[in-house]
Amino acid sequence: EWSPVVAKQVFICNFRGSVCQALVLEIGETHLATFLYYTSALFIHQGIFPTNYVHLKKSTVTNRGLCETVVPLEDPIITETTSTLQEWGMLWKQLYVKHKVDLFHKLRHVMNELFDLRRQLIQGHLAQDQTREIKRHITVRLDWGNEHLGLDLVPRKEFEMVDPDHISASELYKMHASSRHCGQPSTSLGDSVRQRHGDGCRVPVQHHLFINLKSFTYNTISEEADVFFSLYDTRDNKQISEKFMVRLNKNGGPKNPEKVDRLCALFTDLSSKDLKRDLYIVAHVIRTGRMLLNDSKKGPPHVQYRRPYGCAALAMSDVFHTITDLKEEKDFVLKVYTCNNENEWFQIHENIIRKSSTKYSAPSTNYGLIISLQLLRGELDQIRRENQAVFSRSLAIMRKLGFSDVIVPGDTRNDLYLTLERGDFERGGKSVQKNIEVTIYVLYADGDTLKDCISLGSGEPNTSEHRSFVLYHNNSPRWSEMIKLPIPIDRFRGSHLRFEFRHCSTKDKGEKKLFGFSFTPLMREDGTTLSDESHELYVYKCDENATFSNQGLYLSMPCCKEDFNSCLNLPSTLPFQRNPKETFWVSTQLCSTKLTQNVDLLALLNWKAHTDRVLDILGRLRHINGEEIVKFLRDVLDTLFCLLDDNTDKYGPLVFQSLVFIINLLRDSRFYHFRPVMEAYIQNHFAGALAYKELIRCLKWYMDRSAEVVRQDHIQEAMKALEYLFKFIVQSRILYSRATCGMEEDQFRASIQELFQSIRFVLSLDSRSSETLVFTQAALLNSFPDIFDELLQMFTVQEVAEYVRGTLGSMPSTVDIGQSMDVVKLQSIARTVESRLFFFPESRSILLPVVLHHIHLHLRQQRELLICSGILTSIFSIIKTSSMESSVQEEVEMMVESLLDVLLQTLLSIMSKSQSLETARGQRCPQCTAEITGEYVSTLLSLLRQMTEIHFHHLLNNFHSKEELKEFLLKIFCVFRNLMKLTIFPRDWSVMRLLTSHVIVATTQYLSPALHKNFSEADFDFKVWNSFFSLTVLYINQPSLQLEPLTLAKRKKVLDKYGDMRVMMAYELFSMWQKLGENKPHFIPGMMGPFLGVTLVPQSEVRNIMIPIFHDMMDWEQRKNGNFKLVEAELMDKLESMVADGKGDGNHRELFGLLLLEKIEQETWRETGISFVTSVTRLMERLLDYRDCMKGDEMENKKIGGSSSLMNFYKSEINKEDMYIRYIHKLCDLHLHAEDYTEAAFTLLLYWELLHWEDRPLREFLHYPAQSEWQRKEGLSRKVLHYFNKGKCWEYGISLCRELAFQYETLYDYQSLSWIRKMEAAYYDNIIEQQRIEPEFFRMGFYGRKFPFFLRLCIITIQKVTRCLLCVSSEPVDRENHPDSVSTGEEHWHHKLSYHTVTSDASG
């Protein structure tokens, strides 16, 4: 069996066929081929082109028919990239021609990048994340290039172009808006959270700071050094991050050779609030070597001490100002300062930040740390994927001290941060103070030291003991040295810390003598850990001979004052004696997901040990820190439901309150990631089969009391927790049903029914006088849509929809509630529409009426338009998707009945307001913005697009009277006209504009039969018909439908998709014109100009359709008045202005004459008709010649000749005096521009000759004011005399002086008479005294049809002169010798022009 395969042949070489009329194809062009092959055989590559010229790509054909399109079977973004690069290729060359060199080079770079990215996609060797990233890069570059080249904006979804046929117009508008403002619609987790739960649950964005130590330049240390980097908050005076530790050798390089160029780390979990703090990067330098750097006598060389050396600080504000782009890496220098007094070492960083320069000094000018910093944003896993090269460099991770703003489940931490603060020690009989070193051990209950449980900083391995740095001769040292103790959770209970104090002698032996110790357990007897505070520890005396092998000896002793007070029976003799004058302070901070410091939480978890205190413990649950609760979330929930099962009546209300508190705790953005933990608990671990009864009872009790209680905080909290309360209720009922085989089903349904009655009761209450009730209703409405999915587990779709409809229907109308409640109500409706419930057709038919009812009310009152448009967008998107799978006729019918009229009214109101950009306060009115206009236009388009012929038929037949139908038609025609007049969509939104045009023409085709049926003949209504014709004319002339300026590829794409919509509308216009019948005279001559504008559209089929209408107009005018002078005058008036605006061409002139002459041949008024058509075509020819002459760099004489020809045509052939006078002044202006003053004077004399010395009033015209005819002629005379004088043509000015003198003498205006006589005398003097050059003559002839009409029919004698008289005469051409030079159809032609001009151009 043969099967067809469609393949697209892409030419990889230029093809020149050797056969006559063979195809000529260029590289990159495509050709569609259809192959036949056996299904059981291999695919046979056979075709008409050589195989080495083509590459076959399997394709599919869409939109089959006359306008079918071949689409290759490949990734759509590859296809788009290919076509876009082909289009850019032509435009790129034009950039060079137009000298746009900068854009030329940028575009070449982007095109090369696109070639490379496209190649990577085609190869198909990328992982899914890499493919997505490549597509993102491609779309960014495509959009950049399209924007800079002035091409169309491409709407996208998931980086791919969208097909407008598969989405609603509202959704298409949203995609355009998103592409314009954001590049891409956001699909991040934060945005999805905001859409579902509002801004209150927005997940904070995490930031991370990457640091790379490049070098440590110094010249004063010859010892090893440790550098500790951390983030310090100056406002709170505390360190907020772990330390990054770098060990350097004596030369300043890494001590570990493997870490060369790998001294980098990442400060993680920084929130937006952290970035707004007064943060500093602080670096402490601790050297390891001699006691005193410059004194070799202090201590033997083999004994090493950790000694403070220097510190550096860098303000993060400076970093953020420097790093302008995300992921940009910049270098910074941290200057290292030394402390002038070691006693103040603990605050050296604060002194540097405060710039207390007397307390620190710089060893040298070239001494500092060179680091590079980079700010990263997003989830850490995402950062790891996007920056694999960075994470492969042994990157050290520094976390925040304490929990970050976002606590993620599964993120196990058990870190104890210990800070050695200070100590007070006795001198011990020595003449100088001690050099004290503290050694820290972590020991388990059995006395063994825990291995690798001490971390000085990230970047270096953990150790089993730590020796502090030594402050020289200081009995009250202040270290402020922090270390991390990552103790395993199973070793925490029973472990303790031991601090050993040694005096470091600087004598020859360099002994380190033990003189005391302190200790502290990590966990108290009640199970809580060491509290986060400063601890004052006792110091016990000991020496080097002391043994700690039996730690029980000292663990039985009190470690601090608090411990001492709790020890009731202390022995009189202790193994170690405490020195009461010596104390040691440490502070701790625990960051653990497994341990707690809260006594109340432990009491709750162990409630069976003290049942008498359960009520008190439950009451204190609300005061426990949220971090502690989420760490033990599952245990806490188990405890609560265990209490509920134990005694429902006694513990029920408190358990309900506690459950509400925990649920609302998860609404906090810090704990939002624990919501999946809660859901997993409900699905997998929850075992309260009877809990649903008490939860429903408590919830109903709360709602029923909402009308009585003044303080409703607890009720509002319960409303906010509605979603998870229903999850518990439904899961509990499921468990009970499984255990009892469905018992008590009726009771459960009845309780849910009663609960919904309570919900409706709360929403129906009048809240205008109670602010607390408003908040309760708002909380209920916000949470209500979240329970739909839970209800669907227990009830059918129709049952849930009925519950929801009843609830939404119980809400008060718009006029009965305040604006804030109005917004909440609409937001609840919006989330209902976006819910899964609304996607089911059976539930949508139930919910849609009540949703549309609320929308209708708001649109009628023009309230909350933006929210309403969002709801409608969601509805249309769902209906469009559903329409591809099933019928949505009834739903569309509902929307038409409820929305169409009010949508039109809303749009008219918005469009009228959009003219005023500012309100009385000087701010932009939110109801008049382009955003709202675009939203509602797209909503109307979506509705009209979904309507079928049946819908239009029902709509038009449901009007009660013709007045209602008339009002509707006027509204929709007015809205359509405004869509084309106003700039609703930007110019580059081509897809949206074309879709708009398609919907308008389709709607017009549905509405025009109703217009003809109801408003024709006896019921004729001029207003409706005129509105219709105005709409069609505007439609055909709109710029977005003019395909001629487009590239061939884009034009083909538009024609394949929609066809030429101008032709479709032109046919509709012509059809409706023919149906007017006897009423056509109502639009003559009013529609002459608009229809003429349509015929000037450069589309031959539109012209063929529209030009015959003028024959109709001439015929009806002839019948009415016996002539068509009115038609002729109107047509010629409009023709001049339209051609001047750039419309019309030679093809239109020829087609106009040809079609009308053909129609007129059969008419009784044929002769006058032919004369009229001939006059119009000759006028059009001259107008086109004049337009061609006036644009470009034509010679002045050619422009003057064109103006002269048109001017004389208006005077001699069609006798239109107004147009004649206009062109007199245009010609005069041309002469003045060329400084040909004499010619300007003679030109104005032509108008002067038309005026008389009379007092007849003249209207305002051109630049002349309203005045008498005498005044205008006098003013012209003076202007002409001025030009004659400037052109040195005084002979012709003398006669005009005499004419003026006669008029002044007649009026006895002796002052003016004196002035004119003096001017005449001056002219005589000038003629005698001034020298003027003699003129020269030459003759010019123009032969051939390419010359303008006014040049082809004459041989011109030109007088070449400088500032002297010039005579131009036109003579007939010998047609026998020059047949091509004549383009008129007249048998006899004669024209004589005597025209005086002066030129200043020496070249003629």
Just by modelled atom types, is the Ala689 backbone N or O under 3.5 Å from a matching donor or acceptor in the Ser732 side chain?
yes

Before giving the answer on side-chain contact (heavy atoms from CB on, under 4.5 Å), spell out for Phe671 and Ile629 the whole-Å C-alpha distance, their side-chain angles and the decisive distance to 0.1 Å.
CA-CA 10 Å; Phe671 313 121; Ile629 291 178; over 6 Å; no

Are any of the side-chain heavy atoms of Asn782 and Gln827 separated by less than 4.5 Å?
yes

Contacts of Phe839 meeting ring pair (Phe, Tyr, Trp, His ring centres under 6.0 Å) (sequence neighbours excluded), chain-then-number -> none

Under a 3.5 Å distance rule, please check whether Ser458 uses its side chain to pair with a backbone N or O of Ile397 as donor and acceptor.
yes

Between His208 and Gly378 (side chain of the first, backbone of the second, donor and acceptor by atom type, cut-off under 3.5 Å), is there such a pair?
yes

When every non-hydrogen atom of Ile454 is compared with those of Ser464, the smallest separation belongs to CD1-O, 3.8 Å

Under 3.5 Å donor-acceptor, Arg524 side chain and Thr529 backbone
yes

Interatomic distance, CD@Glu790 vs CG@Leu725, rounded to 0.5 Å, equals 11.0 Å

Looking at Asn625 and Glu627, would you say the former's side chain and the latter's main chain have a donor-acceptor pair under 3.5 Å?
yes

Tell me yes or no: between the side chains of Asp786 and Tyr724, is some donor less than 3.5 Å from an acceptor?
no

List the steps and the verdict of side-chain contact (heavy atoms from CB on, under 4.5 Å) for Arg675 and Glu723.
CA-CA 11 Å; Arg675 292 172 73 94; Glu723 177 187 3; 3.2 Å; yes

Residues at least two apart in sequence or cross-chain that pass ring pair (Phe, Tyr, Trp, His ring centres under 6.0 Å) with Tyr736, listed by chain then number, are Tyr692

Measure the shortest side-chain to side-chain distance between Leu497 and Val442 over non-hydrogen atoms and say whether it is less than 4.5 angstrom.
yes

Mind listing the closest non-hydrogen atom pair of Met398 and Ala265 along with its distance?
CE-CB, 3.2 Å

Which atom names give the shortest non-hydrogen contact between Leu530 and Pro521, and what distance separates them?
CD1-O, 3.6 Å

Please confirm whether the backbone N or O of Lys243 pairs with a side-chain atom of Ser230, one donor and one acceptor, at under 3.5 Å?
no

Heavy-atom pair with the smallest gap, counting every atom of Ala721 and Val660:
CB-CG1, 4.1 Å

When every non-hydrogen atom of Cys591 is compared with those of Tyr417, the smallest separation belongs to CB-CE1, 4.1 Å

For Val824, is there any backbone N or O sitting under 3.5 Å from a side-chain donor or acceptor partner on Ser828?
no

Value rounded to 0.5 Å, distance of CZ in Arg711 from OG1 in Thr772
9.5 Å

For the CZ atom on Phe775, are there more than 12 heavy atoms of other groups (residues, nucleotides or ligands in this structure) within a distance under 6.0 Å?
no

Just how far is it from atom CG of Leu637 to atom CZ of Phe686, taken to the nearest 0.5 Å?
9.5 Å

Hits for ring pair (Phe, Tyr, Trp, His ring centres under 6.0 Å) against Tyr232, two or more places apart or cross-chain, chain-then-number order -> His349

For Asp233, check salt bridge (Lys or Arg N to Asp or Glu O under 4.0 Å) against everything at least two apart and list the hits.
Arg277

As an exercise, state the distance from CD of Glu628 to CG of Asp600, rounded to the nearest 0.5 Å.
11.0 Å

Would you indicate whether the side-chain heavy atoms of Leu231 and Asp274 approach each other to under 4.5 Å?
no

With sequence neighbours left out, which residue pairs that include part of residues 480-498 fulfil the side chain to side chain donor-acceptor pair (under 3.5 Å) condition?
Glu242-Lys484, Arg306-Glu481, His466-Glu481, His496-Tyr554, Arg498-Glu500, Arg498-Tyr554

A quick test of your reading: do over 12 heavy atoms of other residues, nucleotides or ligands sit less than 6.0 Å from CD of Gln382?
yes

Between the main-chain N or O of Thr832 and the side-chain N or O of Ser835, is there a donor-acceptor pair closer than 3.5 Å?
yes

Roughly how far apart are Ser751 OG and Ile696 CD1, rounded to 0.5 Å?
3.5 Å

Across all chains, not counting sequence neighbours, the ring pair (Phe, Tyr, Trp, His ring centres under 6.0 Å) partners of Tyr702 are Phe656, His714

Please evaluate residues Tyr441 and Phe519 with respect to the criterion side-chain contact (heavy atoms from CB on, under 4.5 Å), reporting the C-alpha separation (whole Å), side-chain torsions for both, the decisive distance (0.1 Å), and the verdict.
CA-CA 9 Å; Tyr441 299 94; Phe519 69 95; over 6 Å; no

For residues Leu666 and Val630, determine if any side-chain heavy atom of one lies less than 4.5 Å from a side-chain heavy atom of the other.
yes

Can you see which heavy atom on Ile487 is nearest to which on Cys453, and at what distance?
CA-SG, 4.3 Å

Rounded to the nearest 0.5 Å, what's the gap from CZ on Phe632 to CG on Leu595? Could you check?
6.5 Å

So, do Ile211 and Phe229 sit near enough that their side-chain heavy atoms are less than 4.5 Å apart?
yes

I'd like to know if Arg831 and Glu834 make a salt bridge, using a cut-off of under 4.0 Å between side-chain N and carboxylate O.
no

Short side-chain donor-acceptor distance under 3.5 Å, Thr648 and Glu694
no

Salt-bridged, Asp415 to Arg399, with N to O below 4.0 Å?
no

So do the side chains of Ile715 and Val762 get within less than 4.5 Å of each other, counting heavy atoms only?
no

I'd like to know if the side chain of Lys700 reaches the main chain of Ser758, judged simply by a donor and an acceptor atom lying under 3.5 Å from each other, with no hydrogens or angles considered.
no

Taking the side chain as C-beta and beyond, is there a heavy-atom pair between Leu695 and Phe726 under 4.5 Å?
no

Between Arg622 and Glu717, is there a side-chain N and carboxylate O pair less than 4.0 Å apart?
no

Could you walk me through whether Thr419 and Gln239 pass side-chain contact (heavy atoms from CB on, under 4.5 Å), step by step?
CA-CA 11 Å; Thr419 303; Gln239 181 179 325; over 6 Å; no

With a 4.5 Å cut-off on side-chain heavy atoms, are Trp607 and Cys642 touching?
yes

